[in-house]
Amino acid sequence: MKNKIEIELLTRNQYKTYQAELLEIFNENFFKNGGMLYSDDFLVKSDGIIIAKSDKTVIAYLAISLDVENELDRKHEIYEEEPELKNSLVIKHLVVKKEYRNLNIATRLIQNVKQYARNNKIRNLYLWTTPDNRIALKFYQKNGFYRMGDYNPPNETFQGLSNFHSIMMVSKI
């Protein structure tokens, strides 16, 4: 039986306390399930990281950013298509250690970030995932996200990948 799970919001300055554990989770799990291509610089560039701990050990995290403009958004010209997304929070990563999956930890992290958004008068959450990551698509839809758009340009390279296909998902707060 797993121990009690605690959820905690870390600010940008607090991440160093858990940096080694977060990097371990990132390196072991992030690319194993069709995750987007990001480097581990999310630790420094995120505005907050919500962690789940069991027995004082980090078992999951959700990294967020208030800076919604990134390379993919610029390529997608999301601001011209959906200007309301300027008042949004971006979920950059959501990862749960394999041995702790299917315990509703990811759902608790999503609920926590939604409460954070409501408290800070943020109207939308959004994220990018790949169409191959069916587990993520189903999870996000179950948690109130809908598919807003696709980024699938022909003959273009994104972060070193050709034929890169990504899906934007949004949840209204």
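Just so you know, residue 1 is the first one in the sequence shown, and it goes up from there. What you see below is based on every heavy atom in this structure, not just the backbone, and it leaves out hydrogens, waters and symmetry mates.
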Quick one: does any side-chain atom of [X] pair with a main-chain N or O of [Y] as donor and acceptor, under 3.5 Å?
X    : Y    : result
R118 : V113 : no
N133 : T129 : no
N112 : R108 : no

Roughly how far, to the nearest 0.5 Å, is the [atom2] atom of [Y] from the [atom1] atom of [X]?
X    : Y    : atom1 : atom2 : answer
K92  : I49  : NZ    : CD1   : 8.5 Å
Q14  : L9   : CD    : CG    : 7.5 Å
L127 : M148 : CG    : CE    : 11.5 Å
K172 : Y126 : NZ    : OH    : 12.5 Å
Q111 : N104 : CD    : CG    : 8.5 Å
I51  : Y61  : CD1   : OH    : 12.5 Å

Side-chain contact, heavy-atom cut-off 4.5 Å: [X] with [Y]?
X    : Y    : result
L125 : I173 : yes
L94  : L109 : yes
V95  : F26  : no
K56  : K53  : no

Could you pull out all residues at least two apart from N102 that satisfy side-chain hydrogen bond (donor to acceptor under 3.5 Å, both in side chains)? none
Smallest separation among heavy atoms of [X] and [Y], with atom names:
X    : Y    : result
N143 : S171 : O-OG, 4.4 Å
L137 : M169 : CD2-SD, 3.6 Å
S54  : I5   : CB-CD1, 3.8 Å
V58  : E21  : N-OE2, 2.8 Å

Trace of the side-chain contact (heavy atoms from CB on, under 4.5 Å) decision for I7 with I50: CA-CA 7 Å; I7 307 293; I50 301 171; 3.6 Å; yes
What do the steps show when you test I167 against T130 for side-chain contact (heavy atoms from CB on, under 4.5 Å), and what is the final call? CA-CA 6 Å; I167 296 171; T130 62; over 6 Å; no
Checking side-chain contact (heavy atoms from CB on, under 4.5 Å) for the pair Y18/E8: CA distance, chi angles, key distance, verdict? CA-CA 12 Å; Y18 299 99; E8 181 180 345; 3.7 Å; yes
Taking the inter-plane angle between the rings of Y140 and F145 on a 0 to 90° scale, is it parallel (under 30°), tilted (30 to 60°) or perpendicular (over 60°)? perpendicular
How would you list, by chain and number, every residue that makes a salt bridge (Lys or Arg N to Asp or Glu O under 4.0 Å) with E6, sequence neighbours excluded? none
Candidate pair I91 and W128, rule side-chain contact (heavy atoms from CB on, under 4.5 Å), full reasoning: CA-CA 8 Å; I91 296 176; W128 292 93; over 6 Å; no
